[in-house]
Enquirer: 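Just dropping this structure here.
Just so it is clear, the values below take in all heavy atoms, side chains as well, and ignore hydrogens, waters and symmetry mates. Quantities reported herein were computed from a predicted structural model and do not represent experimental measurements. All residue numbers refer to positions in the sequence shown, counting from 1.
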Amino acid sequence: MAGPPTNKNDIPIRDLHTKPRVDHHEETISLAPLTTDGNATGVVEDAEPVTCDFLETLFGALRTDIATLKQDITADIKGLTKEMNELGDWVSNLEQTSDAHGEELDAHRCELLDLRDKNAELRSQVEDLKNRSRMAKIRIKGVPLQAAGGNLEVYVRRLFHHIVPEFAPEDIVLDRTHRAGRPVTSLGEPITF
């Protein structure tokens, strides 16, 4: 018959449902199984009396087990601490990179808003220049083809002098004069200018 179960230090493990019973007349302690109401059922015949040497051995094994467990937990905590530090460094780097990207994004937003304002201002100036360039153009309708012997510039100078007699025909500055293309009417007949 095999002996009682042992732990890793080959020390017998007693039944967990046993409770030490002290006999005040002797210096030994016996372990007897407990009943459901918590009272000892009596002495088991194959149970050995617990001696001080046995308790010291048991406590020594318990101290060794606790020390081993402490070392294992300490090693595990060191590993976790190292991993936590690495994760902390990684998160810190991510935050720094994120901050740098945020600052860069803010700078790009400011630049974009500035460029939008400048673009709107330039568009306004271009529109103004287009409107001003159209102001210098005068369209005269109904000019006959044979006016001033075919010299349109002479005809326009005389016409302006006739409208504003204060200006001599030589004083009127013209960049150029030309005929516009002939639009076609709905009947297909050309309109004369």
Side-chain angles (χ1 to χ4, degrees), residues 7-9 13 16 59-193:
N7 65 5
K8 67 181 182 179
N9 294 324
I13 298 174
L16 295 177
F59 285 136
L62 185 60
R63 284 187 197 106
T64 304
D65 288 347
I66 290 173
T68 304
L69 184 62
K70 183 180 176 183
Q71 288 175 351
D72 292 345
I73 290 173
T74 303
D76 290 344
I77 288 174
K78 285 181 182 177
L80 288 174
T81 303
K82 181 181 176 186
E83 288 179 20
M84 293 285 287
N85 289 338
E86 289 173 357
L87 286 174
D89 292 343
W90 185 67
V91 168
S92 177
N93 288 338
L94 283 178
E95 287 174 348
Q96 290 174 357
T97 304
S98 176
D99 290 345
H101 289 308
E103 291 171 2
E104 201 172 312
L105 183 62
D106 289 342
H108 287 314
R109 282 186 184 142
C110 290
E111 186 178 354
L112 178 64
L113 292 174
D114 187 44
L115 289 174
R116 281 184 184 169
D117 291 343
K118 287 180 181 178
N119 188 16
E121 184 181 335
L122 289 174
R123 285 178 178 266
S124 175
Q125 289 176 355
V126 167
E127 189 64 31
D128 187 48
L129 288 174
K130 284 182 181 178
N131 291 337
R132 289 178 188 268
S133 70
R134 287 188 196 114
M135 288 173 46
K137 295 179 183 178
I138 298 176
R139 182 175 282 215
I140 303 170
K141 293 185 178 185
V143 177
L145 287 173
Q146 303 304 327
N151 189 346
L152 194 57
E153 188 173 329
V154 173
Y155 177 79
V156 172
R157 285 181 191 277
R158 286 183 188 164
L159 178 65
F160 283 147
H161 177 64
H162 179 70
I163 296 171
V164 186
E166 295 86 31
F167 293 110
E170 302 82 36
D171 294 337
I172 298 172
V173 178
L174 299 173
D175 289 336
R176 66 180 182 197
T177 57
H178 62 87
R179 290 193 176 275
R182 297 180 184 203
V184 179
T185 63
S186 59
L187 300 175
E189 298 176 7
I191 298 176
T192 56
F193 291 109

Enquirer: Could you work out, with side chain to side chain donor-acceptor pair (under 3.5 Å) as the rule, every residue matching Asp117, not counting sequence neighbours?
Expert: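 Listed in chain order: nothing, the list is empty.
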Enquirer: Atom CG in Asn119, atom CG in Asp114: separation rounded to 0.5 Å?
Expert: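 The distance works out to 11.0 Å.
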Enquirer: Starting at OG1 of Thr81, measure out to CG of Asp76 and round the result to the nearest 0.5 Å.
Expert: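 That separation rounds to 10.5 Å.
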Enquirer: Do Leu122 and Gln125 make a side-chain contact, defined as non-hydrogen atoms from C-beta onward lying under 4.5 Å apart?
Expert: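 Leu122 reaches Gln125 side chain to side chain.
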Enquirer: Quick one: pull up NZ in Lys82 and CG in Asn85 and give me the separation to the nearest 0.5 Å.
Expert: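 Going from the NZ atom of Lys82 to the CG atom of Asn85 covers 10.0 Å.
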Enquirer: Out of curiosity, Ile73 CD1 to Leu80 CG, how far, rounded to the nearest 0.5 Å?
Expert: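 One finds 11.5 Å between CD1 of Ile73 and CG of Leu80.
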Enquirer: Looking at Arg123 and Glu127, does any basic side-chain N land under 4.0 Å from a carboxylate oxygen?
Expert: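 No.
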Enquirer: Between His108 and Leu112, is any pair of side-chain heavy atoms under 4.5 Å apart?
Expert: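 Sidechains of Leu112 and His108: no contact.
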Enquirer: Could you tell me the separation between the CG atom of Asp106 and the CD atom of Glu104, rounded to the nearest 0.5 Å?
Expert: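 Taking CG in Asp106 and CD in Glu104, the distance rounds to 10.5 Å.
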Enquirer: Donor-acceptor pair, distance only, cut-off 3.5 Å: does the side chain of Ser92 make one with the backbone of Gly88?
Expert: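 A pair under 3.5 Å: no.
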Enquirer: CG/Asp89 to CG/Leu94 distance, rounded to the nearest 0.5 angstrom?
Expert: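 The CG atom of Asp89 sits 11.0 Å away from the CG atom of Leu94.
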Enquirer: Is Ser124 reaching over with its side chain to a backbone N or O of Ala120, donor-acceptor style, under 3.5 angstrom?
Expert: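 Flag not set: sc Ser124 to bb Ala120 has no pair under 3.5 Å.
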